[in-house]
Amino acid sequence: MAKLTKLEDIVSLCKRRGFIFQSSEIYGGLASCYDYGPLGVELKNNVKKAWWKSVVQMRDDVVGLDCSILMHPMVWKSSGHADKFADLIAECKKCNTRTRVDHLKEEAAEQADEHTEHVDIDTVAAQAQDLSKKLCPNCGVVGQFTEPMPFKLMFETQMGANVDDSMTMHLRPETAQGIFANFRNVLDTTRVRIPFGIAQIGKSFRNEVTTKAFIFRTREFEQAELEFFCEPGTDEHWFEHWKEARFNWYLDLGLKKENLHFREHDSDELAHYAKGCVDVEYRFPFGSGDWQELEGIANRTDFDLRQHQRGIRTLNKWYESKGYITRIELADEAAEYLKGPLSYFDDQKKQRYIPYVIEPSAGIDRSALAFLVDAYDEEQVRGETRNLLRFHHALAPVKAAIFPLVKKDGMPEIATNIYNDLKKYFNCFYDQKGAVGRRYRRQDEAGTPFCITVDGQSLEDNTVTLRERDSMEQTRVSTGQLLSHLREKLDI
RNA sequence: GCGGGCGUAGCUCAGUGGUAGAGCGUCACGUUGCCAACGUGAAUGUCGUGAGUUCAAAUCUCAUCGCCCGCUCCA
């Protein structure tokens, strides 16, 4: 069984094997930022590939998209992020514990809600916060709080080199809004009919108040999101459909069932726009063995598309405000909003409506880490510990390693030829140095499912040894059949 | 941000004021020839960074950066 019981073990493994490094390490590191090394980038790319294949390519009802990270500032006004994607936090002077102001309860009140909406930063921050009767949830002292401090959760940047007329922009805190902003484009150009989805993988940025959990909660992270548009009334059905589909995706890629479960959100925990939400959680082996979220699947209703219809009607006000998006009010919803530009006309029912949206939103970095941790294994072989990563074939960074048994008698030449042939089809690795047993074990640690060894017999009958990672079993395969044999086994 | 722990070779760590170390890993050569073998040899350190104290700092002091646990948050 795996012996990764602490986060440090995982960090160490990731570095030692070249999966994940701290960003800017030679400068002492940059908090909350991480780089993927040679094996890590292959793993991460494979995770993304597997997601894209499952969510887009294998389905007839989902199309892909790749939006810019920077978007029109009004996108974030409409989505609610500009006003509400911020937390107001007060610190207890007694015990220095920080608590979200909206989580504070008065004396003798019951325990604070675990999850409430983000605050409207401009309005609430402006109001005098009376915390004199509030209870510190940590030490129980009443009314000993600092002034509430606002935390802006969106990264700001400037667009335009000329400082005088540059515009404040935001790095997207989620990829979803780019999909909503392109809903009309996709509808008009791809002949999709509801129900259908638009999928996207890309970087998002959130100025989290605290990070600190390796690549688990970083300020820059990669999401794989699907917005699945459906007719109101069918949303429950599709919610269940995607719950199942997404859960099975993790299982199919090898995550152990006992480490994966759903966590339903309570109704008071839901975001203001969501009708339902469930998390897919993975039980990481570190800490208290806590379940941590890999993906959230939400029923976002018609909230986002309706909001953007309001946003479109607010554009003039935005121009007049010279771009200060928090100073303007979003225009009221049109009475005829069901027929607005982001509505959908159902040809069969001869009916116009704003679609409901089911959103499975997965964290790529988190998933990659879960796959890595779940694949890690140690076993005893002849008194020695064998470390290996039992990656699903689709996720393995390297699919096959090719060795000459020894560095002579023409074996390197034959092995090189095989390597040059196979690498056209999948990621391969060639190694001729040192004892072959050591080379096998090295590949075990990288999670390479197959090793191919050219030996003395190869010179006589054109067969090679095919050694399998998980069982260490060896079979002889003729070089002519090697490619088709591997492609079948690897399902490539 | 606050509290606690920590930062020395790629990794794990020893080294508490006096010449920078070990194991593993890496590389080379020899031997071996299908599972981390053996022998010999080699490379690799701004001791996280900066300042201070001192004849002398990895070691003491201060600041700073980063990591882990907690508060918090969430994909």
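Chain letters run A, B, ... following the sequence lines, proteins first, then strands; residues in each count from 1. Side chains are part of it too, since the values below use all heavy atoms of this structure and drop only hydrogens, waters and symmetry mates.
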**Q** Could you work out the separation of U31(B) and U40(B) based on their P atoms and round it to a whole Å?
**A**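 Looking at atom P only, U31(B) and U40(B) are 16 Å apart.
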
**Q** Using a heavy-atom cut-off of under 4.0 Å over every strand shown, decide if I364(A) touches base, sugar-phosphate, or nothing.
**A**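 If one applies the 4.0 Å heavy-atom cut-off, I364(A) turns out to touch nothing in the nucleic acid.
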
**Q** Give a yes or no on whether a donor-acceptor pair under 3.5 Å exists between the nucleobase atoms of C35(B), that is its base, and the side chain of R439(A).
**A**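 No, the side chain and the base share no sub-3.5 Å donor-acceptor pair.
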
**Q** Take atom OH of Y250(A) and atom P of A75(B), then tell me their distance rounded to the nearest Å.
**A**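 Going from OH in Y250(A) over to P in A75(B) covers 12 Å.
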
**Q** From CG of L39(A) over to C1' of G10(B), roughly how many Å is that when rounded to an integer?
**A**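 So the CG-C1' distance, L39(A) to G10(B), works out to 14 Å.
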
**Q** With a 3.5 Å limit on both atom pairs, tell me what C2(B) is paired to, counting Watson-Crick and G-U wobble, or say none.
**A**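 The base-pairing partner of C2(B), which may sit in any strand shown, is G70(B).
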
**Q** Among G33(B), C11(B), A36(B), which nucleotide sits nearest the side chain of K15(A)?
**A**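 Ranking G33(B), C11(B), A36(B) by closest atom to the K15(A) side chain puts C11(B) first.
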
**Q** Does the structure show a Watson-Crick or G-U wobble partner for U12(B), both distances under 3.5 Å? Name it, or say none.
**A**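 Across any shown strand, U12(B) pairs with A22(B).
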
**Q** More than 12 heavy atoms of other residues, nucleotides or ligands under 6.0 Å from CD of E258(A): is that the case?
**A**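 Correct, the count exceeds 12.
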
**Q** Please state the C1' separation for the pair C24(B) and C34(B) - nearest whole angstrom.
**A**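 To the nearest whole Å, 24 Å.
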
**Q** Is a side-chain donor-acceptor pair under 3.5 Å present for T385(A) with Q380(A)?
**A**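 A pair is found: one side chain offers a donor N or O, the other an acceptor, under 3.5 Å apart.
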
**Q** Report the base-pairing partner of U44(B) (Watson-Crick or G-U wobble, both distances below 3.5 angstrom), or none.
**A**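 Result: none.
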
**Q** So, D455(A) and T453(A): side-chain donor and acceptor under 3.5 Å apart, yes or no?
**A**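 Side-chain D/A pair, D455(A) to T453(A): absent.
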
**Q** For K243(A), is the NZ atom crowded, meaning more than 12 foreign heavy atoms sit under 6.0 Å from it?
**A**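 Counting other residues, nucleotides and ligands, NZ of K243(A) exceeds 12 neighbours.
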
**Q** Closest approach to the side chain of T465(A), judged atom by atom: which nucleotide of A37(B), A36(B), C34(B) is it?
**A**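 Between A37(B), A36(B), C34(B), the one nearest the side chain of T465(A) would be C34(B).
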
**Q** Determine the Euclidean distance between corresponding P atoms of C11(B) and U72(B); express it in Å to zero decimal places.
**A**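 Approximately 33 Å lies between the P atom of U72(B) and that of C11(B).
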
**Q** Grab the CD-C1' distance between E445(A) and G10(B) for me, whole Å please.
**A**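 Whole-Å distance recorded here is 13 Å.
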
**Q** Under 4.0 angstrom, heavy atoms only, what part of the nucleic acid is T385(A) near: base, sugar-phosphate, or nothing?
**A**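 Here T385(A) touches the bases of the nucleic acid.
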
**Q** Using the C1' atom on both, measure G15(B) against G23(B) and round to a whole Å.
**A**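 Their C1' atoms lie roughly 15 Å apart.
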
**Q** Please give the nucleotide sitting opposite C29(B) as a Watson-Crick or G-U wobble pair, both distances under 3.5 Å, or none.
**A**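 Result: G39(B).
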
**Q** Any side-chain N or O of Q22(A) below 4.0 angstrom from OP1/OP2 of C67(B)?
**A**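 Yes, Q22(A) has a side-chain N/O under 4.0 Å of OP1/OP2 on C67(B).
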
**Q** Check every strand shown and say whether Y34(A) touches a base, only sugar-phosphate, or nothing at a heavy-atom separation below 4.0 Å.
**A**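 Touches sugar-phosphate only.
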
**Q** In whole angstrom, give the distance that lies between atom CZ of F221(A) and atom C1' of C74(B).
**A**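 It works out to 8 Å between those atoms.
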
**Q** For the side chain to side chain donor-acceptor pair (under 3.5 Å) test, which of T475(A), D444(A), T448(A) pairs with R467(A)?
**A**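 When T475(A), D444(A), T448(A) are each tested with R467(A), the side chain to side chain donor-acceptor pair (under 3.5 Å) holds only for D444(A).
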
**Q** Run R442(A) and D431(A) through side chain to side chain contact (heavy atoms under 4.5 Å, CB included) and show every step you take.
**A** CA-CA 10 Å; R442(A) 231 185 246 135; D431(A) 191 0; 3.2 Å; yes

**Q** Select base, sugar-phosphate, or nothing to describe what S361(A) touches, counting heavy atoms under 4.0 Å on all strands.
**A**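 The answer is sugar-phosphate, as S361(A) gets under 4.0 Å only of primed atoms, P, OP1 or OP2.
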
**Q** Side-chain donor or acceptor of R206(A) under 3.5 Å from a matching atom on the base of C74(B)?
**A**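 Answer no: no donor N or O sits under 3.5 Å from an acceptor.
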
**Q** Tell me: OH of Y27(A) to C1' of G7(B), nearest whole Å?
**A**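 Going from Y27(A) (OH) to G7(B) (C1'), I get 20 Å.
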
**Q** Out of A75(B), C29(B), C35(B), which has the shortest distance to the side chain of Y440(A)?
**A**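 The listed nucleotide nearest to Y440(A)'s side chain is C35(B).
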
**Q** Could you pull out all residues at least two apart from E468(A) that satisfy salt bridge (Lys or Arg N to Asp or Glu O under 4.0 Å)?
**A**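 With neighbours one apart ignored, the set is empty.
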
**Q** Measure from the side chain of D455(A), starting at C-beta and using heavy atoms only, and say which of C35(B), A75(B), C34(B) lies closest.
**A**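 Of the options given, the side chain of D455(A) lies nearest C34(B).
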
**Q** U12(B), OP1 or OP2 - any side-chain N/O from S12(A) closer than 4.0 Å?
**A**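 Indeed, a polar side-chain atom of S12(A) lies that close.
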
**Q** With heavy atoms under 4.0 Å as the rule, sort I26(A) into base, sugar-phosphate or nothing.
**A**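 Answer is base: heavy atoms of I26(A) come under 4.0 Å of a base.
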
**Q** Could you tell me whether R246(A) sits above the aromatic face of W242(A), with NZ or CZ closer than 6.0 angstrom to the six-membered ring centre and within 45 degrees of the axis?
**A**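 Judged by the rule (NZ or CZ under 6.0 Å from the ring centre, within 45° of its axis), R246(A) is not positioned above W242(A).
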
**Q** Assign each of N387(A) and G363(A) to its nearest nucleotide of RNA chain B by heavy atoms, then name whichever residue's nucleotide is nearer the 5' end.
**A**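 Taking each residue's closest nucleotide, the earlier one in sequence belongs to N387(A).
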
**Q** Just to be sure I understand the rule, does K408(A) reach a base, reach only the sugar-phosphate, or reach nothing, if contact means heavy atoms closer than 4.0 Å?
**A**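 Base, at least one base atom sits under 4.0 Å.
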
**Q** Is there a donor in the side chain of Y282(A) and an acceptor in the side chain of D374(A), or the other way round, less than 3.5 Å apart?
**A**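 On atom types as modelled, these side chains qualify, holding a pair under 3.5 Å.
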
**Q** How many Å lie between CG on D444(A) and P on C34(B), as a whole number?
**A**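 For the pair D444(A) CG and C34(B) P, the rounded distance is 17 Å.
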
**Q** Check step by step if ring-ring contact (aromatic ring centres under 6.0 Å, His included) holds for F229(A) and F183(A).
**A** CA-CA 9 Å; F229(A) 301 94; F183(A) 172 69; 4.6 Å; yes

**Q** Closer to the 5' end of RNA chain B via nearest nucleotide, is it R16(A) or V406(A)?
**A**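 Final value for this comparison: R16(A).
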
**Q** Let me know the distance between CG of D431(A) and C1' of C35(B), rounded to the nearest Å.
**A**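 So the two atoms are 14 Å apart, to the nearest Å.
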
**Q** Looking only at atom C1', what distance separates A37(B) and U44(B), rounded to whole Å?
**A**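 Roughly 25 Å separates the two C1' atoms.
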
**Q** Of all the nucleotides listed (G33(B), G66(B), C34(B)), which has the minimum atom distance to the side chain of Q474(A)?
**A**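 When the side chain of Q474(A) is considered, C34(B) is the closest of G33(B), G66(B), C34(B).
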
**Q** Heavy-atom count around Q457(A) CD within 6.0 Å, excluding the residue itself: above 12?
**A**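 Counting other residues, nucleotides and ligands, CD of Q457(A) exceeds 12 neighbours.
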
**Q** Restricting to nitrogen or oxygen on both sides, can you table the protein-nucleotides 20-27 of chain B pairs closer than 3.5 Å?
**A**
from: U26(B); atom 1: OP1; to: R442(A); atom 2: NE; distance (Å): 2.9
from: U26(B); atom 1: OP1; to: R442(A); atom 2: NH2; distance (Å): 2.6
from: U26(B); atom 1: OP2; to: R438(A); atom 2: NH1; distance (Å): 3.0

**Q** Work out how far the P atom of G48(B) is from that of U16(B), and round it to whole angstrom.
**A**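 Between the two P atoms, the distance is 15 Å.
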
**Q** Please measure how far the C1' atom in U59(B) lies from the corresponding atom in C2(B), and state the result in whole Å.
**A**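 Per the computed distance, 28 Å lies between those C1' atoms.
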
**Q** Of the options C11(B), A37(B), C34(B), whose atoms approach the side-chain atoms of L405(A) most closely?
**A**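 Side chain of L405(A) sits closest to C34(B).
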
**Q** On a whole-Å scale, what distance lies between the P atoms belonging to G18(B) and G10(B)?
**A**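 Looking at atom P only, G18(B) and G10(B) are 25 Å apart.
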
**Q** Given that both distances must come in under 3.5 Å, which nucleotide forms a Watson-Crick or G-U wobble pair with U49(B)?
**A**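 Because both required distances fall under 3.5 Å, U49(B) counts as paired with A63(B).
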
**Q** Figure out the CG/P separation between N207(A) and C73(B), and round it to whole Å.
**A**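 It is 16 Å, rounded to the nearest whole Å.
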
**Q** Got a donor-acceptor pair under 3.5 Å from the side chain of R217(A) to the base of C74(B)?
**A**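 Such a pair does not exist between side chain and base.
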
**Q** Measuring from the side chain of M472(A) (C-beta onward, heavy atoms only), which nucleotide among G33(B), C35(B), C29(B) has the closest atom?
**A**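 The answer is C35(B).
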
